[in-house]
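Nothing fancy with the numbering, it's 1 onward along the sequence. Side chains included, hydrogens not; waters and symmetry mates left out as well; all remaining heavy atoms used. Model, not experiment: these values are computed from the prediction.
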Amino acid sequence: MKLFSANKIANIAFKNHIIRSATAENMADDFGRPNKELIKKYELLAKGNIGGIITGNIAITQSAKPMKEPHILVLDSDDKIPYFQALTQHIHSLNTPIIAQLTHCGGQGERDDAIAPSKVSDYKAREMSEEEIFQVIDDFAQAILRAKKSGFDGVQLHCSHGFLLSAFFSPRTNKRKDQWGGDTINRTRIALHIIQKARDLVGDFPILAKINGYETLKGGIDLKEGVRVAKKLKEYGFDGIEVSNGMLKAGMATVRGNVPSEILLALDPKFAKIPRFLKPFLARVVKFFIPQPKPTQNFNLSSAKMIKDHIKIPVIVVGGITDLKDMQEIIDNNMADFISLARPLIIEPNFVKKLQEGRAERSRCIQCNFCVIGSLYEPLKCYYGKIPKDL
């Protein structure tokens, strides 16, 4: 079966065509170093025959991480390298490649010092100066170098979901009038500078990007612009592209299914004073005010296929892919080169192994999305639509 055969991106050899997509774990220590529980979580994925792992987002500086996720990984100094080396060496001992997703939250982070390409209504953030843009470029390049020294097989720049690089790419959130805004070339210029500076430091070390193939908000990236962005990144020298969609502040665009209002009301400190007996009623009301785009399955496939038709580097598709038949069709018909999974691997780290052994044909994930909210406050786990009594 082609789905389970080996494949490569640049010089990274994957065991099969199924990759673990970056999923925020909130499982670092107080300094942003991986803890033993995170290493164990990745170990379960490796033992479950995943083709390769993309880490949860690793902030490039302390100010690049979201305030809601205090235990997010941070790769901002050389003294952290030995801790990440322990992680990569262990996963490599299990014959599994691991890629570091590097990120800056930008205006998506609820921070007093949040920054964005330009001041627009989607963000409570101030516009960046050109000096700050060049500092971010250098911070990314240094983080890429540290990732290589840490033993990662490559990096993925988080250029989707409204994070800082994504906000540069999108015409909705980038209203600059200088060399960093305007047409596609200007809006992606920051990525060009990052990869140019990084190549001087790391040579042909694999550098991937995760982008929005489209955005569900008016004035954002549409399918044609998604293709133009992908073509530019290929031209700049990126080795592969993962296709996602949407902004985190645009409802349920990036992850489809149930609006997890129940667990949001249980965990977010803003709702702590609401009487417990009122929360089930409020949870039902909240669902009516949060956009729920359709479909809930394979919702990035059409944009990933369109991008693959226009570029000659590997394309990874993510988003609501839970059925073995769909996976086979995607790979057999060259709609994408790889499939990446997030939620199905939270509930079943051994999902790929179960598929290979004929013990499963689709994921047990019910798309309750409690994990999405839970991971903002607690270590990543599956809640299966139930709020623990101690929350």
Engineer: Salt bridge (Lys or Arg N to Asp or Glu O under 4.0 Å), that's the test. Do Asp222 and Lys224 meet it? Break it down for me.
Structural biologist: CA-CA 6 Å; Asp222 58 19; Lys224 290 183 179 179; over 6 Å; no
Engineer: Within the side chain of Ser375, is there an N or O that forms a donor-acceptor pair under 3.5 Å with the backbone of Leu380?
Structural biologist: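 No, the answer is negative, given that no donor and acceptor are paired below the 3.5 Å cut-off.
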Engineer: Enumerate, atom names and distances included, each donor-acceptor pair closer than 3.5 Å involving a side-chain atom of residues 313-321, sequence neighbours excluded.
Structural biologist:
none

Engineer: Does the side chain of Gln297 come under 3.5 Å of the side chain of Asp326 through a donor N or O and an acceptor N or O?
Structural biologist: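 Per modelled atom types, Gln297 and Asp326 side chains form no pair under 3.5 Å.
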Engineer: For Phe169, does its backbone N or O pair with a side-chain atom of Arg187 as donor and acceptor, under 3.5 Å?
Structural biologist: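 At least one qualifying donor-acceptor pair exists.
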Engineer: For Ile185, does the CD1 atom have more than 12 heavy-atom neighbours from other residues, nucleotides or ligands under 6.0 Å away?
Structural biologist: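 Atom CD1 in Ile185 is not packed in, count stays at 12 or less.
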Engineer: Within a radius of less than 6.0 Å around CD of Glu127, do more than 12 heavy atoms belonging to other residues, nucleotides or ligands occur?
Structural biologist: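 Check passes, neighbour count above 12.
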Engineer: Hey, does Tyr42 have a side-chain heavy atom less than 4.5 Å from the side chain of Ile39?
Structural biologist: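 No. Closest side-chain heavy atoms not under 4.5 Å.
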Engineer: Let me confirm one number: the CD-CG distance from Glu262 to Leu282, rounded to the nearest 0.5 Å.
Structural biologist: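 Result: 11.0 Å between the selected atoms.
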Engineer: Checking Lys40 against Glu37 for the salt bridge (Lys or Arg N to Asp or Glu O under 4.0 Å) test, could you report, in this order, the C-alpha distance in whole Å, the side-chain angles of both residues, the deciding distance, and whether it holds?
Structural biologist: CA-CA 5 Å; Lys40 179 65 176 178; Glu37 288 74 23; over 6 Å; no
Engineer: Looking only at the side chains, is there a donor atom on one of Asp200 and Gln196 sitting less than 3.5 Å from an acceptor on the other?
Structural biologist: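 No donor-acceptor contact under 3.5 Å links the two side chains.
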Engineer: Do other residues, nucleotides or ligands put more than 12 heavy atoms under 6.0 Å from Glu131 CD?
Structural biologist: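 No, not enclosed.
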Engineer: Could you work out, with ring pair (Phe, Tyr, Trp, His ring centres under 6.0 Å) as the rule, every residue matching Tyr384, not counting sequence neighbours?
Structural biologist: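 Tyr384 satisfies ring pair (Phe, Tyr, Trp, His ring centres under 6.0 Å) with no residue once adjacent residues are dropped.
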Engineer: Between OG1 of Thr23 and CG of Asn26, what distance do you get to the nearest 0.5 Å?
Structural biologist: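 Output value for this atom pair is 13.0 Å.
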Engineer: Does a side-chain N-to-carboxylate-O contact under 4.0 Å join Lys232 and Glu235?
Structural biologist: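 A salt bridge links Lys232 with Glu235.
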Engineer: Would you list the pairs meeting ring-ring contact (aromatic ring centres under 6.0 Å, His included) in which at least one residue belongs to residues 190-243, sequence neighbours left out?
Structural biologist: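 Qualifying pairs: Phe134-His193, Trp180-His193.
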Engineer: Checking Asn333 side chain against Met335 main chain: does a donor-acceptor pair fall under 3.5 Å?
Structural biologist: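 Looks like no, no N/O pair under 3.5 Å.
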Engineer: For Asn369, is there any backbone N or O sitting under 3.5 Å from a side-chain donor or acceptor partner on Arg343?
Structural biologist: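 Side chain of Arg343 to backbone of Asn369: no pair is present.
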Engineer: Check the side chains of Thr88 and His90 for a donor-acceptor pair under 3.5 angstrom, ignoring hydrogens and angles.
Structural biologist: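 The answer is no; no qualifying pair exists.
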Engineer: Going by distance alone, is a donor N or O of one side chain under 3.5 Å from an acceptor N or O of the other, for Asp29 and His71?
Structural biologist: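 No, His71 and Asp29 have no side-chain donor paired with an acceptor closer than 3.5 Å.
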Engineer: Grab the two heavy atoms, one from Lys2 and one from Ile331, that are nearest each other, plus how far apart they are.
Structural biologist: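 Taking every non-hydrogen atom into account, NZ-O, 3.6 Å.
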Engineer: Is it true that atom NZ of Lys231 has more than 12 heavy atoms of other residues, nucleotides or ligands lying nearer than 6.0 Å?
Structural biologist: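 Atom NZ in Lys231 is not packed in, count stays at 12 or less.
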Engineer: So, Glu215 side chain and Ser170 main chain: donor-acceptor pair closer than 3.5 Å or not?
Structural biologist: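 Checking the backbone N and O of Ser170 against the side chain of Glu215, no donor-acceptor pair under 3.5 Å is found.
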Engineer: Kindly write out the residues that satisfy side chain to side chain donor-acceptor pair (under 3.5 Å) with Gln179, not counting sequence neighbours, or none if the list is empty.
Structural biologist: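 If we apply the side chain to side chain donor-acceptor pair (under 3.5 Å) test to Gln179, skipping adjacent residues, the hits are Glu130.
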Engineer: Just verifying a value: how many Å separate Ile211 CD1 and Ser244 OG, rounded to the nearest 0.5 Å?
Structural biologist: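 With rounding to 0.5 Å, CD1 (Ile211) is 9.5 Å from OG (Ser244).
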Engineer: Would Ile263 end up clustered with Val372 when hydrophobic side chains under 4.5 Å apart are linked, directly or stepwise?
Structural biologist: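 Cluster IDs for Ile263 and Val372 differ.
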Engineer: Is it the case that atom NZ in Lys386 sees more than 12 heavy atoms from other parts of the structure closer than 6.0 Å?
Structural biologist: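 Atom NZ in Lys386 is not packed in, count stays at 12 or less.
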Engineer: Which residues satisfy the side chain to side chain donor-acceptor pair (under 3.5 Å) test with Asp178, sequence neighbours excluded?
Structural biologist: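 Only Arg176 meet the side chain to side chain donor-acceptor pair (under 3.5 Å) criterion with Asp178.
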Engineer: In terms of hydrophobic clusters joined by side-chain contacts under 4.5 Å, are Ile194 and Leu192 together?
Structural biologist: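 They do share one cluster, since a chain of ILVMFWY contacts under 4.5 Å joins Ile194 to Leu192.
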Engineer: Looking only at heavy atoms, which two atoms of Gln356 and Asn49 are closest? And how far apart?
Structural biologist: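 Closest pair (atom of Gln356, atom of Asn49, distance): OE1-ND2, 2.7 Å.
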Engineer: Distance check, rounded to the nearest 0.5 Å: Leu345 atom CG versus Ser340 atom OG?
Structural biologist: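 Nearest 0.5 Å value for the CG-OG distance: 9.5 Å.
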Engineer: Go through the structure and list residues passing salt bridge (charged side-chain N to carboxylate O under 4.0 Å, His left out) with Lys354, not counting sequence neighbours.
Structural biologist: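 Here the qualifying residues are Glu348.
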Engineer: Judged by modelled atom types alone, do Lys65 and Asn57 share a side-chain donor-acceptor pair under 3.5 Å?
Structural biologist: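 No - no donor-acceptor pair under 3.5 Å links their side chains.
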Engineer: Under the 3.5 angstrom rule, does the side chain of Asn186 hit a backbone N or O of Gly181 as a donor-acceptor pair?
Structural biologist: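 Side chain of Asn186 to backbone of Gly181: a pair is present.
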Engineer: Quick one: does His158's side chain have a donor or acceptor within less than 3.5 Å of a partner on Lys210's backbone?
Structural biologist: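 Side chain of His158 to backbone of Lys210: no pair is present.
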Engineer: Short question: side chain of Asn258, backbone of Cys368 - any donor-acceptor pair under 3.5 Å?
Structural biologist: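 Between the backbone of Cys368 and the side chain of Asn258 there is a qualifying donor-acceptor contact (under 3.5 Å).
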Engineer: Which residues pass the salt bridge (charged side-chain N to carboxylate O under 4.0 Å, His left out) test with Lys279, not counting sequence neighbours?
Structural biologist: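 For Lys279 there are no salt bridge (charged side-chain N to carboxylate O under 4.0 Å, His left out) partners, ignoring immediate neighbours.
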Engineer: Any salt bridge linking Asp113 with Arg111? Criterion: basic side-chain nitrogen under 4.0 Å from a carboxylate oxygen.
Structural biologist: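 So Asp113 pairs with Arg111 through a salt bridge.
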Engineer: Around atom CZ of Phe271, are there more than 12 heavy atoms of other residues, nucleotides or ligands at under 6.0 Å?
Structural biologist: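 Above 12, so yes.
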Engineer: For Glu132, enumerate each residue passing the salt bridge (charged side-chain N to carboxylate O under 4.0 Å, His left out) test, keeping only those at least two apart in sequence or located in another chain.
Structural biologist: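 Here the qualifying residues are Arg126.
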Engineer: Is there a path from Phe338 to Ile330 through hydrophobic residues (I, L, V, M, F, W, Y) whose side chains come within less than 4.5 Å of each other?
Structural biologist: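 No; Ile330 is not reachable from Phe338 via cluster members.
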Engineer: Does Asp337 have any side chain to side chain donor-acceptor pair (under 3.5 Å) partners at least two apart in sequence or in another chain, and if so, which?
Structural biologist: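 Side chain to side chain donor-acceptor pair (under 3.5 Å) check on Asp337 returns Lys308.
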Engineer: Using atom types as modelled and distance alone, determine if a side-chain donor or acceptor of Arg199 lies under 3.5 Å from a backbone N or O of Gly237.
Structural biologist: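 Yes; judged by distance alone, with no hydrogens or angles, the pair exists.
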Engineer: Can you pull the side-chain hydrogen bond (donor to acceptor under 3.5 Å, both in side chains) pairs that have at least one residue in residues 96-105, sequence neighbours excluded?
Structural biologist: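 The answer is Lys15-Thr96, Gln101-Gln156.
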Engineer: Which pair of non-hydrogen atoms, one from Met252 and one from Gly257, has the smallest distance, and what is that distance?
Structural biologist: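 Reported closest heavy-atom pair: CE-O, 4.5 Å.
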Engineer: More than 12 heavy atoms of other residues, nucleotides or ligands under 6.0 Å from NZ of Lys287: yes or no?
Structural biologist: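 Yes, the 6.0 Å shell around NZ holds more than 12 heavy atoms from other groups.
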Engineer: Going by the rule salt bridge (charged side-chain N to carboxylate O under 4.0 Å, His left out), which residues pair with Lys294 if we only count those two or more places apart in sequence or in a different chain?
Structural biologist: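 With sequence neighbours excluded, Lys294 shows a salt bridge (charged side-chain N to carboxylate O under 4.0 Å, His left out) to no residue whatsoever.
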Engineer: Using the test side chain to side chain donor-acceptor pair (under 3.5 Å), find all partners of Lys41 that sit at least two apart in sequence or belong to another chain.
Structural biologist: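 Side chain to side chain donor-acceptor pair (under 3.5 Å) check on Lys41 returns nothing, list empty.
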Engineer: Can any side-chain N or O of Asn16 pair as donor or acceptor with the backbone N or O of Gly51 at less than 3.5 Å?
Structural biologist: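 Yes, because the side chain of Asn16 sits within donor-acceptor range (under 3.5 Å) of the backbone of Gly51.
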Engineer: Is there a path of hydrophobic side-chain contacts, each under 4.5 Å between heavy atoms of I/L/V/M/F/W/Y residues, joining Leu208 to Leu73?
Structural biologist: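 No, Leu73 does not connect to Leu208 through the hydrophobic network.
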